[in-house]
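Lettering follows sequence order; numbering is per chain, from 1.
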Protein chains: 2
Amino acid sequence: MPVRSKSDETRARILSAAIDLFRRNGFAQTTMRDIAAEAGVALGGAYYYFESKDAIVLAFYDQAQQDLDPLLEQALASSKDLRKRLHALMDVKLRYFEPNRRLLGTLSAYADPEHPLSPFGERTAATRENDIRFFELALAGTKVPKDLMPHLPRMLWLYQMGIILFWIYDRSAEQRRTHALFEKSLALVVQLIRLSGIPLLRPLRRMVVDLVVTAAG
Amino acid sequence: MPVRSKSDETRARILSAAIDLFRRNGFAQTTMRDIAAEAGVALGGAYYYFESKDAIVLAFYDQAQQDLDPLLEQALASSKDLRKRLHALMDVKLRYFEPNRRLLGTLSAYADPEHPLSPFGERTAATRENDIRFFELALAGTKVPKDLMPHLPRMLWLYQMGIILFWIYDRSAEQRRTHALFEKSLALVVQLIRLSGIPLLRPLRRMVVDLVVTAAG
DNA sequence: GTCTATATGGAGATAGAC
DNA sequence: GTCTATCTCCATATAGAC
């Protein structure tokens, strides 16, 4: 454990104040002035540590990834079964982001890959690829047709993003609808992966792979 | 054709100036001052006709719907074949929105159903339902299992929204990737609808219907 | 009813003193 | 490293001319 300098301290305090405010009041409604006040520094101080409001969100992404990595590793170790593994990955993420559902909402606004905060953009590529790797690991031990294998982790990642998006805006109590939707769709997804190898479905599988290749460019 | 009063004239001029600027510079980057200047009125003039910047976008939606309705009717009349009809519907929309791809981009930002500009929200419900009705009409004459029928128009609408979202951010020349993706996925979708009736797929179909019901609440 | 001119209040960001 | 003072820009509001 590195000793945290006073500077690290202040930076962390600003970040945590910001996330707290984003959570409570939303991203757009939170001003840099609010953040500075909550962290006990002057406005300029906040800008000394983060060059912009966006940069704070990026720092939040980075921290989330660092926090999540070991939890995701652990989730994968809990079982060899694909369904259970995918379920465990999702559980870890939803639990982690639960207090920040609202913040994710304002961020999901950035679908444009050219926006720095977009989950599909360049600035977040490393985090994204890191995340996709966990789906690759989850598939270890599961039989998947050769032509599908290179694409499946990314497809599962996208599926996961869809569920998370649904979850963000799910107004049902404790997001029960998302949980029901996830259980049912996951069973379907795993079933389809299992069935994807049978000869009868070969033409269908090829169509899907072709589709994915087209979409990915 | 009603005679346009001077007031209607001005309103239309402001709307068209706004859309033009949104298109060229994006929604967020365009200020009400820009809009007013481009339309040749003072700032207050713009606010006299539109109570907010958002209201201008809503007016754009409304106008788009009015313009599109007859074109979509016509598109449906062009064929009895489901694939061709769905293709024709998409063609009409992409052609219409082509000059405003960028504007749609900034709007797709509003996934939150509570945001007034969200395509999933209450404020846009009438436009949305109107649009879904065209998918219902497109299905007339196509055999669809009874349990699936009530949900299929909405599912197709959602599929269409996905393609349009992809199109918005498609940086390939003339959005060729989107067009390829659409051709291929449409063939798949139509094929699945055709196959959905065969007894072997009944369990799968029931899972999907169950899924849709869960998602819709 | 239509529009101009001007005001308000708040945002993100920065320069330069300490 | 941190603060104060200040800048620039914007959505929106309003008073009142025509």
Next on the checklist: Without decimals, in angstroms, what is the distance between A:Gln29 CD and C:dG10 P?
Outcome noted: 15 Å
Next on the checklist: Tell me the interatomic distance from B:Ile35, atom CD1, to D:dT12, atom C1', rounded to whole angstroms.
Outcome noted: 13 Å
Checklist entry - When the distance from OH of B:Tyr49 to P of C:dT4 is rounded to whole Å, what number comes out? => result 10 Å
Next on the checklist: Check the phosphate of C:dT14 against A:Tyr47, side-chain N and O only, distance under 4.0 Å to OP1 or OP2. Yes or no?
Outcome noted: no
Next on the checklist: Whole angstroms only, please: what is the CG-C1' distance between B:Asp8 and C:dC3?
Outcome noted: 16 Å
Item to check | Side-chain N or O of B:Thr10 closer than 4.0 Å to phosphate OP1/OP2 of C:dT2 | outcome: no
Checklist outcome for this item: Side-chain contact check for B:Arg33: nearest option of D:dA11, D:dG1, D:dC3 is D:dA11
Checklist outcome for this item: Atom CD of B:Glu9 and atom C1' of C:dC3 are separated, to the nearest Å, by 15 Å
Checklist entry - Of the candidate nucleotides C:dA13, D:dT12, D:dT4, which contains the atom at the shortest distance from the side chain of A:Lys53? => result C:dA13
Item to check | Side-chain heavy atoms of A:Leu137 within contact of A:Arg85, under 4.5 Å | outcome: no
Item to check | Any B:Val189 side-chain heavy atom under 4.5 Å of B:Leu156 side chain | outcome: yes
Item to check | Nearest-angstrom distance from the residue atom CD1 of B:Ile14 to C1' of C:dT2 | outcome: 10 Å
Checklist entry - Any side-chain heavy atom of B:Asp131 within less than 4.5 Å of one from B:Gln160? => result yes
Next on the checklist: With heavy-atom distances below 4.5 Å as the criterion, would you say the side chains of A:Phe22 and A:Arg102 are in contact?
Outcome noted: no
Next on the checklist: OP1 or OP2 of C:dC3 versus the side-chain N and O atoms of B:Tyr48: is any pair under 4.0 Å?
Outcome noted: no
Checklist entry - How close or far is atom C1' of C:dG12 from atom CG of A:Leu43, stated in whole angstroms? => result 8 Å
Checklist entry - Is the NZ or CZ atom of A:Lys53 positioned over A:Phe27's six-membered ring, under 6.0 angstrom from the centre and within 45° of the axis? => result yes
Checklist entry - How close or far is atom P of C:dA11 from atom CE of B:Met32, stated in whole angstroms? => result 20 Å
Checklist outcome for this item: A:Lys6 has its side chain closest, among C:dT2, D:dT12, D:dT2, to D:dT2
